[in-house]
Protein chains: 2
Amino acid sequence: MADVAARAGVSKKTVSNYFNGYRYMRPDTRARIEAAVVELNYKMNISARNLSSGRTGTISLAIPELAHPYFAELAQAVVSAAQLHDLNVLVEVTDGDREHELEILNGSRGRSVDGLIFGPLALEPSDIDSARIDVPTVLIGDRVHRGRFDFVSVDNEAGAHAATRHLIDAGHTRIAALGFDEDLSPTAAAQRQHGYLRALAEAGLPVDPALTIGPLVWNRAGGADGVRRLLASGAAFDAVFGFNDAIALGAMSELSHHGLRVPDDVALMGFDDVQDAAYSVPGLTTVDSGRDWVARTAVDLLVLRMSAAAGGAAADEAPPVDVHTAAFSLVRRSTA
Amino acid sequence: MADVAARAGVSKKTVSNYFNGYRYMRPDTRARIEAAVVELNYKMNISARNLSSGRTGTISLAIPELAHPYFAELAQAVVSAAQLHDLNVLVEVTDGDREHELEILNGSRGRSVDGLIFGPLALEPSDIDSARIDVPTVLIGDRVHRGRFDFVSVDNEAGAHAATRHLIDAGHTRIAALGFDEDLSPTAAAQRQHGYLRALAEAGLPVDPALTIGPLVWNRAGGADGVRRLLASGAAFDAVFGFNDAIALGAMSELSHHGLRVPDDVALMGFDDVQDAAYSVPGLTTVDSGRDWVARTAVDLLVLRMSAAAGGAAADEAPPVDVHTAAFSLVRRSTA
DNA sequence: CTGAAAGCGCTAACAG
DNA sequence: CTGTTAGCGCTTTCAG
């Protein structure tokens, strides 16, 4: 940088200004610097800038998995949203593993970032609130967190209610739910479960334990497995509600293996509106849970927190928020 | 760090050694440092370490898209492979946009990384070879590059040949190919095209231009569109080979919309063996193109280059390699 | 609009 | 096995 400054006949500070988009600079000064930069093929050392400025211009996104359509699409949306703020994103995959998630929390991964968007799976809320996180953090995802950190989620209960209601309105009365869990911890699963149960109750439909399948892994294999268990139970059913699209798609596959046609023999409903859902055969009816909204909101919130932190605000200056969208929408395709 | 050193009664260097896993240290020294670290809740400043050491411990993965199953799975594999080397990965999404890809090349994204794994889409080989990249780089993906950089790819030609051959062996003679391109640039598309044509030629089957559909976008929508064009042409066909799984899956969807059953009315073949392929209905027969192998190999190669560069080796010391696997395998499921 | 000086917090020799 | 001494290449005051 000193070389560039010398070549352009200005001081280092001026070159620094140039790179940081400082507005008040004589055009000829700017031009001389520009020339010097290309002649010397100068590239700023970002590490030095990071050290000096105390910022890195990157945030971390820590999620359980990337090869899962939902997370892939979420990550894509986060990267796009971050780009709008000139932020890079480091992707960390936790595998939903407790140890790994703890490492994320106490920053022992040897990365330096300005902020963290974290979707924990294995960690308890207490783990998270007792962690000594040193960067601004916003939580997303399955587990419901009302603690020290901002939490962005979708209205799972209302979405699942709408989905179930849709099935009921179509005349189905024996609606199997794939993704149930005994675990009472406040998760997306639990909320979707509540939405399902509420819709049933409102319609005066009984809850048949044989139709509530779970726990199961929330991927296609899990959905396929769920259908197998459902069939094994011998219970009659005329519709299946998979608590996410992967489950529903896996269910669709397995139903067909057993000669059951969708939607003729059994109606099928998913949740999330992942890209796959649009192109399955038949097209999966599902609920758009507002994945992009989550990504955008999480990034915007994080940026807010980051600038507050940079401005030297105390951590408790602005209390943590807990936002969730109600902007889900039912996406009608062929299966229900 | 000075504080920790003082509290532990050692010098900064010793603390530094502690953090960098220096082996020769008296247990009690180590213990004292450890204690001081927790008491002070000390966290090393990674930016400072980066500046000082000239390394950042992160690599960048630049791909056209993340919400696409193939790339999502590739990214996942890269992250896993990088973890083995204690490397973090920054994901940059280019949208296959030329400007964006150029930004990646000349590092003007304001990120500092030790290496780059780059899957360009829009850039010509000449763009890439004339770029002034300053970090070790390995190229992956669609375009075939034989230039200044290492290039990792799969044996598209052989894979497509095997796929087509499989269809022919099953008795199909009018095999439509979805993903053709007039563009003669050496791409994965072109290679798969060659494999297809060679298999046809070897079997003495004619090439009907009405059956070679393209160019089209390599996603599900493109596949659906391809089928529409195929149908519109009025040409008879008994099998469809989608040049990737997304195309094939989109084709499957569209075929069904038109009342054509797979595989009864028409056989279907994909390429890549993306997770979706296993769970579609019916399960998609496809070719595993060795995606994980690409990720692992690219990372390993990059690490090699990085340490060579760190060791002060000249850029041309070890000439660029061009590796591709022949380890594809045909994955038989239900569609062909 | 520009310049000078003082660090940011760590690692890298090299000597002990 | 440990300590000393220099920087790494920027940004940041604070003047001008």
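In this text, all values refer to a predicted model and were calculated from it rather than measured experimentally. Just so we're on the same page: letters track the sequence lines, and every chain starts at 1.
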D:dG3 OP1/OP2 closer than 4.0 Å to side-chain N/O of B:S11: yes
C:dT2 OP1/OP2 closer than 4.0 Å to side-chain N/O of A:T29: yes
Pairs satisfying side-chain hydrogen bond (donor to acceptor under 3.5 Å, both in side chains), at least one member in residues 63-80 of chain B, at least two apart: B:E73-B:R291
Within residues 41-61 of chain B or reaching into it, pairs that qualify as ring-ring contact (aromatic ring centres under 6.0 Å, His included) - sequence neighbours excluded: B:F19-B:Y42
By salt bridge (charged side-chain N to carboxylate O under 4.0 Å, His left out) - contacts of B:D322 (at least two apart): B:R146
For A:R7, salt bridge (charged side-chain N to carboxylate O under 4.0 Å, His left out) partners two or more places apart: A:E39
Base-contact (B) and sugar-phosphate-only (S) positions in nucleotides 6-16 of chain C, heavy-atom cut-off under 4.0 Å, - elsewhere: -BBBBBBB---
Per-pair distances, 0.1 Å, donor-acceptor, side chain in residues 119-128 of chain B, under 3.5 Å, sequence neighbours excluded:
{"residue": "B:E124", "atom": "OE1", "partner": "B:R143", "partner atom": "NH2", "Å": "3.3"}
{"residue": "B:D127", "atom": "OD1", "partner": "B:R98", "partner atom": "NH2", "Å": "3.4"}
{"residue": "B:D127", "atom": "OD2", "partner": "B:R98", "partner atom": "NH1", "Å": "2.7"}
{"residue": "B:D127", "atom": "OD2", "partner": "B:E124", "partner atom": "N", "Å": "2.9"}

B:R32 CZ to D:dT2 C1', straight-line distance once rounded to whole Å: 11 Å
